[in-house]
Every structure is written in structure tokens, then in C-alpha cells.
Amino acid sequence: MIEFHSVSKQYPDGTLAVREVSLQVPPRQTTVLVGSSGSGKTTLLRMVNRMVDPSAGRVTIDGDDVAGTDAVKLRRGIGYVMQNSGLLPHRTVAANIATVPLLRGWKRHDARERALELMDTVGLDRSLADRYPGQLSGGQQQRVGVARGLAVDPNILLMDEPFGAVDPLVRRELQEELLRLQRELGKTVLFVTHDIDEAFLLGDRVVILREGGEIVQIGTPAEILASPADGFVADFVGADRGRRALHVQEVDGRSLVVDADGRPAGVLAR
Amino acid sequence: MNWILRNLDEILELTLVHLALSVPAIILSFVLAVPIGWVAHRYAWSRGILLTLCGLLYAIPSLALLIVLPALTGQSLRSPANLVVALTLYGLAVIVRTAADAFDAVDPDVRQSATAVGYAAWGRFWGVELPLAGPVLLAGLRVVIVSTVSLVTVGAVIGVQSLGSLFTDGFQRGIAGEIWAGLIMTVVLALALDGLAVLGGRLLLPWARGGRRRPRLVAPDPTLQAAEAR
Ligand SMILES: Nc1ncnc2c1ncn2[C@@H]1O[C@H](COP(=O)(O)OP(=O)(O)O)[C@@H](O)[C@H]1O
Ligand SMILES: [Mg+2]
């Protein structure tokens, strides 16, 4: 379990990015940090693998303060996937996926085998193994990024807006893929997004952050939709408007669920 | 023309001597420029000082440098080493700024993600930053190659043999063919070394071809999308 113990982060230029955040990230679940840009999501995420050190407070993994660990070793044991994939443009797809195994000193052949296996796992054709990232589509690049994050079978997977830069259709596909993977693998996933729909789709638990790096509400998607903590959350999740405001309409003896514009969203199952 | 045909042996020998003077200077200035450029890139406070100092080197008149250097290095005025040191300094002046730019040009996202997956600083330099700086470094190297090969000829004025000796000798004796021979062979040598550098770049930086260094985010290429949809 990852735990944040009242952590704060003030950057050298004075920006207070995270303020007194306490949070438990339960194992084998997906926890989503969601908030508008600048609400400190990336900063929080990066405290877990020591890309950022908190100015106050502690982050622990299974009870051990990460500040006491060797940062490089720690990072090699935690999967990390970021927006724009962060792939190494001068390495082939297979070499990118094998990055961490190779850093850990695996034999080349074993690392490549592992990379090919992972390409199957994330739904990439093996024929792409020797391409360079620049020769792939955005969606394919993100799959490579996910495969790289999974390469050493880490318990923890950190994902920073991994699908933020791909077009909506591909994003939807990648989200479904992640849900499938998570059902199979059961990692402790800490996922960052500014898209509330994505948060509700992927998160077992959702943490809503506000500008200045403060937590406003933590809960399951259902809990948050049912009882938003305050006006800010209600507004942010769009609980009272748009397609979340659904009504039931009786048509020909069946109960149709229609959205705010009167368009049918589905049929109530009995 | 007759002069050239009668003296092919000498021309060839001087070409090799010219090569032996240029190559060490080119390699030295490249090898020194990379760490200096990296420091200028990494530590903002050092950038102005380093780039200005290296740039100033170029303002020193070459003859003056060649005459002053022996006092500092203990080499004799006419030794090849004296000329190589001077050429290295000029090479530095030409390439250090480019080297700093080369490291600046490395995508910060890539550098960060390399750190995030567990590259230590040293491994990241050799495995990520240096190769990604490669295309810009290569461009700088090519300028150094051409400028060094041409500057070697100045050594002839103080008596260090090279293709430049054909200019000085040709002038003194009024043999146009000799001057032409020196000129043409200098250009040929520069082009040959430049070609080698380009070839080396192709081999070492196969991913950089087509000049697409940043991965595209949304592919307009329908065949790739079709492949992905499968
Ligand atoms: N390295 C940094 N130096 C100074 N300020 C930073 C740095 N990184 C982030 N910030 C600031 O901290 C705040 C939170 O940033 P970030 O954690 O990236 O938020 P998010 O990921 O939610 O967009 C922002 O105001 C941002 O400008
Ligand atoms: Mg962010």
C-alpha cells in the first residue's frame, strides 16, 4: 500500500503545488487522482518514485518511507507511464519495452523475449518490434509505454495522463484495454487525469484535487456522483447538468433513460 | 598541369600529412567540446562564461596563436603538435556552442521519463542524452571538419608542412598548377572527411533519418492505423 502522510510540496520558486495531502492508495486497485491542470497531480504522483521529494510529510510504500530508499533502485521497481509516452526515440520498440530489464542487468536475449511477450499482452503486433517509436501512431506509442511500465512485473504502476494526447476513439480503446489488463494483473495503479469521465471509468477510487493541491473528496465514482462533497465537486463532475442528468421516461411500457436533451441513453433493466 | 603530373608523389604525401594534422585536431575538439557543451547546457550560470571564452578563441589571429602557443606548451614552433593544439582550440570555438545546443535539444520529456524508469545520471548521459544530442553534434562536427582542414594550410606560413605548402611554394615560384593542386586537394580532403562523418552518422544514428525526432502523437498514416486496428 502507498500512503501519503500529510505531504506538502513547495517548489524553489515558491509555488505551493501540494498542501497537506494525506491519502492511502489501497493495493491491487486503481486509484485515480483527478483535478484541473495545476492541481498538483503530477507532483503527488512523482513523490512515489522520488522524482519529487516532499518539502514536508512522508510517502511510504508498505510502511517504508521512500526517502530512505535508493531512488534509482526504487524507480526500477515501479512502473511509470506518462503522456507522450516518453519513449526513447533512438531505441526500437522492443528495446524501449526492455529498458528496465536491461538496466537491471538481464541478458539481451531474455529481455527481448520479455518485450515480445509484453507486446502480446498490450495488443501490439510483434512485427512492430524493430520499428522506432517515431514510426508508430500515437495509440501504438502509448501501448509501448504501458508495456514498458509492466516490463519487470512491478506491483505499482504510476500513470500520468497516459492517454491524454491521443484522439478520443483511440483513447477509449486504450482505456478498455487498461481495464482488461487490470482485471488480469491486479496492480496497484495510481492514475492521474484531468478528465472526470476517464476517472470514473477507470477508478475503483477517485480522489478529486483542487488548485493548490488540496484533496476535496475521496470516494468511489458512485459515492462521488451520489453525494458530491460541495459545489466545487458537483460542478466538476457535472452532477447536475449535461449527460449525467438522466431522467426516466415511460415509453410503450418500458422505462427509457434519457439525457438532458431528451436523447435516450438506455433502457432500465428490471 | 604538367607540374601536377610530375609531382603526384609529393602531392599525395602532403595530402597524407595534411590528413594526419587535421584528424587529431578534429577528434580532440569534438571530444573536448562534448563535456564543455554539456556543462554549459546543464549549469545555466556557466553557459555565458564557457560559450564566450570558447567563442573568443576564434578572435585570436591564427599566426599570433601559433607563435605564442610554444611558450605555453613547451613545443617547438614548427612541431606538428603546436599546430594541432592551435587547430583544436579553433575547433572548440566552432563547435562548443553547437554542443550546448545539442544537449538543449534533447526532449525534456524523454530525459524525465528515462529518469523515471530508473536511469542513473551516468547511464542516462551515455544511453540517452549523448545519442539524442547526436544529430546536432554531427552537424557541428561537419563544420569543424571543413574549417579545420582548411585552417591546417596556415601552418605552412610558419613552416609546418601540409597541402598549404603548395600555396606558399607555388606563390614564391609562380607555379599556378602547384597552387591549384593545393587548393583542389584541400577541398577534396574536406569533402572526403565530411562524407565519412555523414556515413558514420547513418550507422550510429539510424533512427534520426528522415529528420523526425519527436514521436508523432496522432498518426495520419492510414496503414499504421489499419495495422493498429487489427
Ligand atoms: N518543477 C517545478 N517548479 C516550479 N513549479 C512547478 C514545478 N512543477 C510543477 N510546478 C507548479 O506546481 C503546480 C502543480 O503542478 P503539477 O503537479 O504539474 O500539476 P498537475 O499535474 O495537476 O497539472 C503548478 O502550479 C505548477 O506550475
Ligand atoms: Mg500533470
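Nothing here was measured: the structure is a model prediction, and the numbers come from that model.
Note: G127(B) leads P206(B), G123(B), G127(B), A114(B) in heavy-atom pairs under 4.5 Å with chain A. Listed options R75(A), R148(A), R50(A), H90(A) were ranked by heavy-atom pairs under 4.5 angstrom with chain B; first place goes to H90(A). Put simply, of I78(A), L103(A), V81(A), the one with the most heavy-atom pairs under 4.5 Å next to chain B is L103(A).
For R104(A), no part sits under 4.5 Å from any heavy atom of chain B, backbone or side chain. Using a 4.5 Å cut-off between heavy atoms, R91(A) contacts chain B through its side chain alone, with no backbone atom that close.
Ion pair R171(A)/E198(A) not flagged as a salt bridge, since none of the NZ, NE, NH1 or NH2 atoms sits closer than 4.0 Å to an Asp/Glu carboxylate oxygen. Salt-bridge check for R180(A) with E176(A): failed, with every basic side-chain N at 4.0 Å or more from each acidic carboxylate O. At a threshold of 4.0 Å, the pair R172(A)-D195(A) does not count as salt-bridged, since none of the basic side-chain nitrogens sits closer than that to a carboxylate oxygen. A salt bridge is absent between K107(A) and E113(A): the closest approach of a Lys/Arg side-chain nitrogen to an acidic carboxylate oxygen does not fall below 4.0 angstrom.
One side chain, R124(B) or T115(B), offers a donor N or O that lies under 3.5 Å from an acceptor on the other.
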